[in-house]
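Below: the structure, in C-alpha cells.
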Protein chains: 2
Amino acid sequence: MKLQQLRYIVEIQRQGLNVSEAAESLYTSQPGISKQVKLLEDELGVAIFERSGKRFTGVSEPGKVVLEIAERILREAENLKRASSEFATGSSGRLVLAATHTQARYALPVVVRDFVAQHPDVKLEMHQGSPIQIAEWVVAGEADIGIATESLDQYQQLITLPIRQWTHCVIAPEGHPILESQPLSLNELAKWPLITYDTAFTGRSRINRAFERIGVQPNVALTALDADVIKTYVSLGLGLGIISALAFDAQRDTGLVAIDAAHLFESNTTRLALRRGTYLRRYDYDLISLFAPHLSKRVVEMAMQGGGDEYQL
Amino acid sequence: MKLQQLRYIVEIQRQGLNVSEAAESLYTSQPGISKQVKLLEDELGVAIFERSGKRFTGVSEPGKVVLEIAERILREAENLKRASSEFATGSSGRLVLAATHTQARYALPVVVRDFVAQHPDVKLEMHQGSPIQIAEWVVAGEADIGIATESLDQYQQLITLPIRQWTHCVIAPEGHPILESQPLSLNELAKWPLITYDTAFTGRSRINRAFERIGVQPNVALTALDADVIKTYVSLGLGLGIISALAFDAQRDTGLVAIDAAHLFESNTTRLALRRGTYLRRYDYDLISLFAPHLSKRVVEMAMQGGGDEYQL
DNA sequence: ATGTAGCGTAGCTGTTGGAGTTTCATGGAG
DNA sequence: CTCCATGAAACTCCAACAGCTACGCTACAT
C-alpha cells in the first residue's frame with residue numbers, strides 16, 4: 001500500500017469516478033492510475049470501484065470504507081507536512097482566513113493588525129464569502145480558519161467555537177418618526193419598509209424568526225450582503241435598516257441613528273470554524289487567541305480532541 | 001513521503017534509536033533505512049532525530065510531532081487493511097481476546113461458546129495475563145479486545161467501557177466458626193488468616209482500601225493469581241478466602257461456603273478495553289455485544305468517537 | 001590505546017512507477 | 001443499426017529509485 005495509491009483512489013472519487021480527469025488533475029497519466037488502482041485492489045483483496053465493462057460506475061461497499069480511511073490518512077499526511085514545515089521555516093508560513101463581510105469589515109481589522117505585527121513573516125490571506133462558502137472552504141482545507149455567524153453548525157467535519165455574542169440594532173436617518181416611539185417594538189418596525197441582510201447572512205434568520213413569532217409580515221424592501229450597503233440606502237431614505245450592532249459607529253456613520261434592538265431579536269453568536277483533525281500551527285493558535293482571548297491553545301486543543309463536548313461562552 | 005519511510009522512523013524510535021535493530025526487525029538493511037530517513041528529513045526540511053556524530057541520540061522537537069502523526073497514519077493504514085480484509089474474507093478472520101483468569105474462567109466461557117457458534121470461521125485466540133499486560137497488549141495492537149477489572153484506566157490510548165459490576169464474597173470451609181457471626185464485619189475477618197488475590201488483580205485494591213479505612217491490618221497469609229488456587233487453599237483450611245462472587249459456584253465448590261461481602265468492600269466494575277482509533281470489524285462488535293448486551297455497535301462507536309464522554313452502566 | 005558497536009557512503013542491481021501508444025467496451029446521436 | 005466519442009485496459013519501454021553488499025569512519029567503553 002502506497003500513499004500515492006490512496007491519493008489516486010481519493011482523486012478518482014473526487015472527479016466523479018473519471019480516471020482520466022483524476023490523472024489530469026494529478027499531473028500524471030491515466031494508465032498509471034489504472035495500474036495503481038488495480039494493484040491496490042489486488043493487495044487489499046477487494047474491489048474499491050464498481051465497473052461496468054471498462055467504465056467506473058460506482059464505489060463498492062468496501063470501497064466506501066477504504067476511501068474514508070484513505071482520506072483520513074491523506075489528511076494526516078498533510079498535517080505531517082504542515083507541522084514540519086512550521087518547524088522548518090520557523091515563524092513564517094501562510095494562513096488563510098475566511099470570513100463574512102461583517103467580520104472582515106468590523107471585527108477583524110484590529111485582529112489582523114496585531115497578528116501581522118506579531119508574525120511579520122506569515123502571509124495572511126483573507127477570503128471573503130458567504131457563511132456556506134466559508135464552511136466549505138474550511139472543510140476542503142482551502143481556508144485554515146473560518147469565521148461566520150450562520151451555517152457553520154451544519155457541517156459534521158467542522159469544529160466550531162463561540163467567539164462572541166452580539167445583537168442587532170435598527171438604524172434610521174436622523175429625524176425619522178420611529179425615533180419617537182420608545183421602546184421600539186416589532187409591530188412598529190413592521191410599518192416601515194426595511195432594509196436588511198440577505199438570507200443566510202449575519203443573523204438574518206433571527207430577524208425572520210422574530211417577525212414570524214408575532215405573526216407579522218415585515219416589509220423588506222431591499223436585502224444586501226453587508227451593512228455598508230444597507231447603511232447607504234437607509235441614508236437615502238429608502239427605509240429602516242436592521243444591522244449588526246457591531247457594524248454601527250456613531251462617529252463615522254453621520255446622519256444615521258442607531259436604536260438598540262437587543263430586546264426584539266435573539267442574540268447571535270459569531271463562531272470560529274476549524275476542520276476536524278487538522279494540525280494547527282503556533283500562529284493559528286495565536287490568531288485565534290487574538291480574536292477571542294478566552295480561546296487559549298489549551299481550550300482549542302480540548303475542542304479538537306473532544307469533538308463532542310461543546311465549549312460554552 | 002512514503003508510508004515505508006514512516007514505518008522506518010517509527011520502528012527506529014521503538015528500537016531505542018538503534019537503526020540496525022530497526023532494520024533487523026523490519027527484515028531489511030541498515031543502509032536502506034538510513035537513506036530513507038535522510039530522504040524523509042530532507043523532504044520535510046526538519047531533522048527528526050538528534051545525532052552526535054553517527055549515533056542517534058534522541059528525538060528532536062519536530063521529530064516528536066512527526067513521529068506522533070506518523071504513528072497515527074500507520075495505525076490508519078493498519079485499519080485500512082483490517083477493514084478490507086474483513087470484506088475480502090467474508091466472515092472469517094482472527095480475533096485476539098485478552099483477559100484475566102477470573103474473566104476467562106468464569107465470565108467468558110458462555111460468551112466464547114456463543115461467539116464460536118455464531119462465527120465458525122473466525123479464529124478466536126485468548127491471551128491470559130495480568131491487567132497490566134492486557135492493557136499493554138491492547139495498546140500495542142497485539143490484542144483486539146481486553147477485559148479486566150483493574151488498571152485499564154491508566155492508559156490514555158485505551159477506550160474503556162463498563163461491562164458489569166460485581167462484589168466480593170468470603171469463602172470458608174464448611175463448619176468454620178466465622179459462619180456463626182452474622183452479619184460479617186471487617187474486624188471479624190481480620191482475626192483470621194486470609195487468602196486472596198495478588199496485588200493489582202481482580203479488585204485486590206478495593207480489599208486493601210477497605211481494611212485501611214478502618215485502620216486494621218489484615219493477616220494475608222497467602223496471595224494467588226486466581227480464585228481456583230485460593231479455593232484450593234481455603235479447602236485445606238489455611239484461611240478464609242476473599243474472591244470475586246462471580247467465581248463461586250455452590251454446585252461445584254462443595255465443602256466451601258460463600259458469605260456475601262458486598263457490604264464490606266466497594267463494588268468493582270469489569271471493563272472492556274479497545275485501542276483508540278482502531279477499526280472494529282463486525283465480529284468485534286458481535287463479541288462485545290454477546291458479552292455485554294448493552295454495548296451495541298452504536299454505543300461502542302459513540303465511545304470510540306467521543307473519547308472523552310464516559311458511558312455509565 | 002584499542003576494540004567494537006553502529007551509522008554513513010559508494011556502487012551496483014532488480015524493481016517499479018509512469019509515459020506513450022494501441023486496443024477494447026460503452027453509450028449516445030443520427 | 002451504424003458510427004463516433006468517450007474512457008478504461010494492455011503492452012512496451014525507460015528512468016528513477018529502493019535496497020543490498022562492502023567498506024570506511026566515528027563514538028564510546030574497557
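In what follows, every chain begins at residue 1, and chains take the letters A, B, ... in the order their sequences are listed. Remember, predicted model here, so these are calculated numbers, not experimental data.
- At most 12 heavy atoms of other shown residues, nucleotides or ligands fall within 6.0 angstrom of atom CD1 in A:I132.
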Steps toward side chain to side chain donor-acceptor pair (under 3.5 Å) verdict (B:E136, B:Y155): CA-CA 9 Å; B:E136 279 168 2; B:Y155 292 78; 3.2 Å; yes
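- Rounding to whole angstrom units, CD1 of residue A:I33 and P of D:dA10 are separated by 16 Å.
- Ring geometry for A:H127 versus A:W137: interplanar angle over 60°, hence perpendicular rather than tilted (30 to 60°).
- Among the protein residues, B:L39 comes within range of the sugar-phosphate backbone only, with heavy atoms under 4.0 Å from sugar or phosphate atoms but none that close to a base.
- At the heavy-atom level, A:K2 lies under 4.0 Å from the strands shown only through sugar-phosphate atoms.
- Side-chain N/O atoms of B:S52 include one lying less than 4.0 angstrom from OP1 or OP2 on D:dC28.
- Distances shorter than 4.0 Å separate none of the side-chain N or O atoms of B:Q30 from OP1 or OP2 on C:dA5.
- Taking side-chain N and O atoms only, B:S34 has a distance below 4.0 Å to OP1 or OP2 of C:dG8.
- Dashed line: the shortest gap from a side-chain N or O of A:S20 to OP1 or OP2 of D:dA8 is under 4.0 Å.
- By the 6.0 Å contact criterion, CD on B:E24 is open, its count of non-hydrogen atoms from other residues, nucleotides or ligands being 12 or less.
- B:Y27 has no side-chain polar atom (N or O) that falls below the 4.0 Å cut-off from OP1 or OP2 of D:dC20.
- Dashed line: the shortest gap from a side-chain N or O of B:R51 to OP1 or OP2 of C:dG8 is under 4.0 Å.
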